[in-house]
Amino acid sequence: MQSKKSFFNLALFKKNISRTWIVGLLYFIILLIVMPIQFIINLANFDEINYEEGYTKTLNLIDDVSYVPIGIWGIFIAIAVTGITFWYLFFKRDNYMMHSFPVSRRSLYFTGLISSIVVSILPVILTALVTTIVAAAEKIYAFDVIWFWALGVIATTLLFIGIAMISLMASGQIVTSIIFYGIFNFLYLMMEVAFRITAGILMFGMTNSTRNISFNALTPVLFVDDACRIKVYKMYDGLGNIKTYTYTLGGTKYLLIYIAVAIALMIASYILYEYKKLETVQDFIAIPFLKPVFTIGMSFFISMVAGALVAGMIEALKPMYYNTRFIVAIISALVIGCIVFYATQMLIEKTFRVFSTKKFFFLAGYSLASLAMLICLRLDVFKVENKVPDAADIQWVGIDSNYVMVFSTPEDISAVRDLHKNFLSDKKELRDVNRIYNDVDGGYFTIKYKLKNGDFIERTYSVVNTESDQVSANYLAATQPILDYLNDPTRIKEHVIGNIWDDCTIPELSFTQYVYNEEADDYWPEYADFETLSDKELTDKNEKIYQAFLKDIDEGNAFVTTFGDRYNNNELAKITLYNDFNFTVANNKKEYISDEMTFWDWYGDDDYYRTPEYDRSIYAQLTTNCTNTLKALKDEGFYTDDSQIITSYEYNKAMGYLEEE
């Protein structure tokens, strides 16, 4: 007879398997489809598909496996299998019956855990085995790729089983347990998003705070597919054919850590199970010490975000001063927090009779703590608003205003840091710039740092036109140095046109003439015809105009950054040409580095996935002040009559698009 204190009960194991095997079978079928079957289909059509020269079946296998997700499988199978296995915990009759059998809780727990692991992990191992056999039959020996993928899925599945077990023990209701499971898996991310939303509405410069969320190891389902993926590096020749390739199996340390955390969670959930009372069936929260944690967590984060949203909605209707907005947010958060506090208590205790002196003092203590946290945000105790990273930690810093510029040299990084610190030296007026100067046109500019550890720090600020006679000397002292720095002609050429501006050819250049068509009652675009010219003659013609355009940049008439409104400014529209002007800079031996693509992280950290560019089309909005460029365009025959030049103001007026001034 099996000992009552045994960790494993064979009869119970068979019973658990009989209830969950269908889930494992469906899981196995899905994995077969996405792994070996898909690979077999690709191999069958390998000779018909137009791959690059040098693309082998081995590389095909590595590519296929690298694209199969790792983390997404375990998060679903774990809760499904454990939920079915421990279903009896959520129904009084089944719960009391199971615990009345001559089987210890230890045996119930570990037998259920082992059966859940078997049903969840066995399909992964079998899938990897089948894929290995298929690969071996095709004489493809990259078995390490297949089993690394299997290790990733197994490690994350074990972690999710551990989280699922904690969730099942935390509540007496199956639906609530599933909700807790989702919360526990994304808890860190939800907390970060809550703080970022609040900061984005209330704090200075944090408007785009939700834009650079990075998924770290505390959110494994989103983290593992990037950190633990198979990276393939392909080397191409000049004809675009694959010369060689390598691959890496990264993130093994994270998988081992996840396995260790999974074991710790399973032990913790076993302890919870040992002390879980039978009468907690159907309770919202079955673990006493989690009740205040859940209450405070729900009250704080919901009220904090809701308070900020209330202030944001009022701000949208009527602009407020910075301090006023914070006061509205704090009052709203405290009121909403009280409501959520009592609502959560009603949910936990399943009664409306939750109003007592004890709970009132509990609420008062929570409210004071919440008030203290919100005041800390207002006083920037955590140094968020004033954050300017150390120069040694910065990989590059970029500024996005009318144009995007990215600086990576130590001198430029130091200069931009100083400009940023000078801008922040007196935030009082800058925080309320839209309220103080509500009659002055304005816009935004963004400073973004990429740190050497891969993180981003981004701040976006509201600004108004520095040319207005209404702005103060303090405002000019904070903002004008930034404009002076960005409007330096050399920086404009290096960062708006690009790094090859002074070592390039101009293979293409286009200028649109506009001719009024009476029948259509519209201006029709026309282009000069240079079909009779050779490529060299056309390039020489383009070069003359390009040099004239560079002269206009030197004179401060092109690519000028301002902090005024460039889209609804009639005075600016009166000198801005409606005619399109663009050209291509090219250098076949020197790669073009795009400031814009760098700023928005389109390159990412993996240069092997980036296709080098050796040319770039540049669009420039000319003004009537660009006299050098206009003269060169006319001299070179891109237009013949000044009537073909029209400003944006003239076009909008002729078309009836202008509002009455």
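Residues Phe186 and Ile75 are in side-chain contact: their nearest non-hydrogen atoms beyond the backbone lie under 4.5 Å apart. Side-chain contact between Ile174 and Leu168 is present, with at least one heavy-atom pair separated by less than 4.5 Å. Proximity of Glu349 to Thr351: side-chain heavy atoms (C-beta onward) are separated by under 4.5 Å at one or more points. Between Met165 and Tyr109 there is a side-chain heavy-atom pair separated by less than 4.5 Å. At a threshold of 4.5 Å between non-hydrogen side-chain atoms, the residues Tyr181 and Phe160 count as touching. Contact annotation: the side chain of Pro319 approaches that of Glu315 to within less than 4.5 Å [non-hydrogen atoms, C-beta and beyond]. Leu89 has its side chain out of reach of Met98: every pair of non-hydrogen atoms, C-beta onward, lies at least 4.5 Å apart. Counting only heavy atoms from C-beta outward, the side chains of Ile117 and Met266 approach each other to under 4.5 Å.
Looking at Asn386, its side chain never comes within 3.5 Å of a backbone N or O of Asp380 through a donor-acceptor pair. Side chain of Gln395 to main chain of Lys450: no donor-acceptor pair is present (N/O by atom type, distance under 3.5 Å, no hydrogens or angles). Side-chain N or O atoms of Ser171 include none that pairs as donor or acceptor with a backbone N or O of Ile285 at under 3.5 Å. A distance-only check finds no donor-acceptor pair linking the side chain of Arg431 to the backbone of Asn323 [under 3.5 Å]. Looking at Ser425, its side chain does come within 3.5 Å of a backbone N or O of Asn422 through a donor-acceptor pair. Looking only at distances, a side-chain donor or acceptor of Asn402 sits under 3.5 Å from a matching main-chain atom of Thr562. Formation of a donor-acceptor pair under 3.5 Å by the Arg459 side chain with backbone atoms of Ile447 is not found in this model. The backbone N or O of Pro69 lies less than 3.5 Å from no partner atom in the side chain of Asp225, so there is not a single donor-acceptor pair. Here the side chain of Ser269 pairs a donor or acceptor atom with the backbone of Leu265 at under 3.5 angstrom. Using modelled atom types, one side-chain atom of Lys452 and one backbone atom of Ala392 make a donor-acceptor pair closer than 3.5 Å.
Partners of Phe91 under the side-chain contact (heavy atoms from CB on, under 4.5 Å) rule, at least two apart in sequence or in another chain, are Trp87, Asp94. Looking at residues two or more places apart in sequence or on another chain, you find no side chain to side chain donor-acceptor pair (under 3.5 Å) involving Ser167.
In summary, of the residues considered (Val406, Val397, Ile399), a side chain to side chain contact (heavy atoms under 4.5 Å, CB included) with Phe599 occurs for Val406 alone. If you run ring-ring contact (aromatic ring centres under 6.0 Å, His included) between Tyr270 and each of Phe110, Phe7, Tyr275, only Phe110 comes through. Looking at Val224, Ile72, Leu158, Val124 one by one, the single match for side chain to side chain contact (heavy atoms under 4.5 Å, CB included) with Val153 turns out to be Val124.
Within a 6.0 Å radius of CD in Glu467, other residues, nucleotides and ligands contribute 12 heavy atoms or fewer. At most 12 non-hydrogen atoms from other residues, nucleotides or ligands lie less than 6.0 angstrom from NZ of Lys387. Heavy-atom contacts from other residues, nucleotides or ligands closer than 6.0 Å to NZ of Lys253 number 12 or fewer.
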query = Would Phe563 and Ile482 satisfy side chain to side chain contact (heavy atoms under 4.5 Å, CB included), going step by step from the backbone distance to the final call?
reply = CA-CA 10 Å; Phe563 284 161; Ile482 299 173; 4.1 Å; yes
request  = Any chance you could lay out the side chain to side chain donor-acceptor pair (under 3.5 Å) test for Thr409 and Asp412, step after step, and finish with the verdict?
outcome  = CA-CA 5 Å; Thr409 65; Asp412 283 330; 3.1 Å; yes
message = Using the rule given for side chain to side chain donor-acceptor pair (under 3.5 Å), can you reason through Tyr475 versus Ser468, listing the C-alpha separation, both sets of side-chain angles and the distance that settles it, and then say yes or no?
response = CA-CA 11 Å; Tyr475 175 77; Ser468 171; over 6 Å; no
Derivation of the side chain to side chain contact (heavy atoms under 4.5 Å, CB included) call for Thr219 and Leu187 = CA-CA 8 Å; Thr219 310; Leu187 180 60; over 6 Å; no
ask   = Going through the distances and angles, do Asp441 and Asn568 end up as a side chain to side chain contact (heavy atoms under 4.5 Å, CB included)?
value = CA-CA 9 Å; Asp441 64 305; Asn568 302 297; over 6 Å; no
task = Please step through side chain to side chain contact (heavy atoms under 4.5 Å, CB included) for the pair Leu309 and Ile201, ending with a clear verdict.
result = CA-CA 7 Å; Leu309 290 174; Ile201 296 174; 3.6 Å; yes
key: Worked verdict on Tyr322 versus Phe326 for ring pair (Phe, Tyr, Trp, His ring centres under 6.0 Å)   = CA-CA 6 Å; Tyr322 180 79; Phe326 238 109; 5.7 Å; yes
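Note that CZ of Arg196 is 4.5 Å distant from CD of Glu192, once rounded to the nearest 0.5 Å. In this structure, CD1 in Ile296 is found 14.5 Å from NZ in Lys291, a value given to the nearest 0.5 Å. To the nearest 0.5 Å, atoms CD (Glu385) and CG (Leu424) are separated by 8.5 Å. Ile197 CD1 to Met206 CE: the interatomic distance, rounded to the nearest 0.5 Å, is 12.0 Å. The structure places CG of Leu371 at 8.5 Å from OG of Ser367, a figure rounded to the nearest 0.5 Å. Going from atom OG1 of Thr157 over to atom CD1 of Ile121 covers 4.5 Å, rounded to the nearest 0.5 Å.
Nearest heavy atom pair, residue Ser116 against residue Ile161, reads O-CD1, 4.2 Å. Smallest separation of non-hydrogen atoms from Arg325 and Leu202: NH2-O, 3.7 Å. In terms of heavy-atom proximity, Thr20 sits nearest to Val81 at CG2-O, 4.0 Å. Heavy atoms only, all atoms of each residue included: Leu483 and Thr561 are closest at CD2-O, 3.5 Å. Across every non-hydrogen atom of Phe86 and Phe90, the tightest pair is O-CE1, 3.4 Å. Ser472 and Tyr437 make their closest contact through N-OH, 3.1 Å (heavy atoms, listed as atom of the first residue, atom of the second, distance).
If you look at Phe423 and Phe445, their ring centroids are closer than 6.0 Å. Less than 6.0 angstrom separates the ring centroid of Phe407 from the ring centroid of Tyr485. With ring centers used as reference points, Phe362 lies under 6.0 Å from Phe341.
A tilted orientation is assigned to the rings of Phe355 and Tyr342, their planes being inclined by 30° to 60°. Below 30°, between 30° and 60°, or above 60°: for Tyr449 and His420 the angle between ring planes is below 30°, a parallel geometry.
With a 6.0 Å cutoff to the six-membered ring centre and a 45° limit on the axis angle, Lys448 counts as a cation-pi contact of Phe456.
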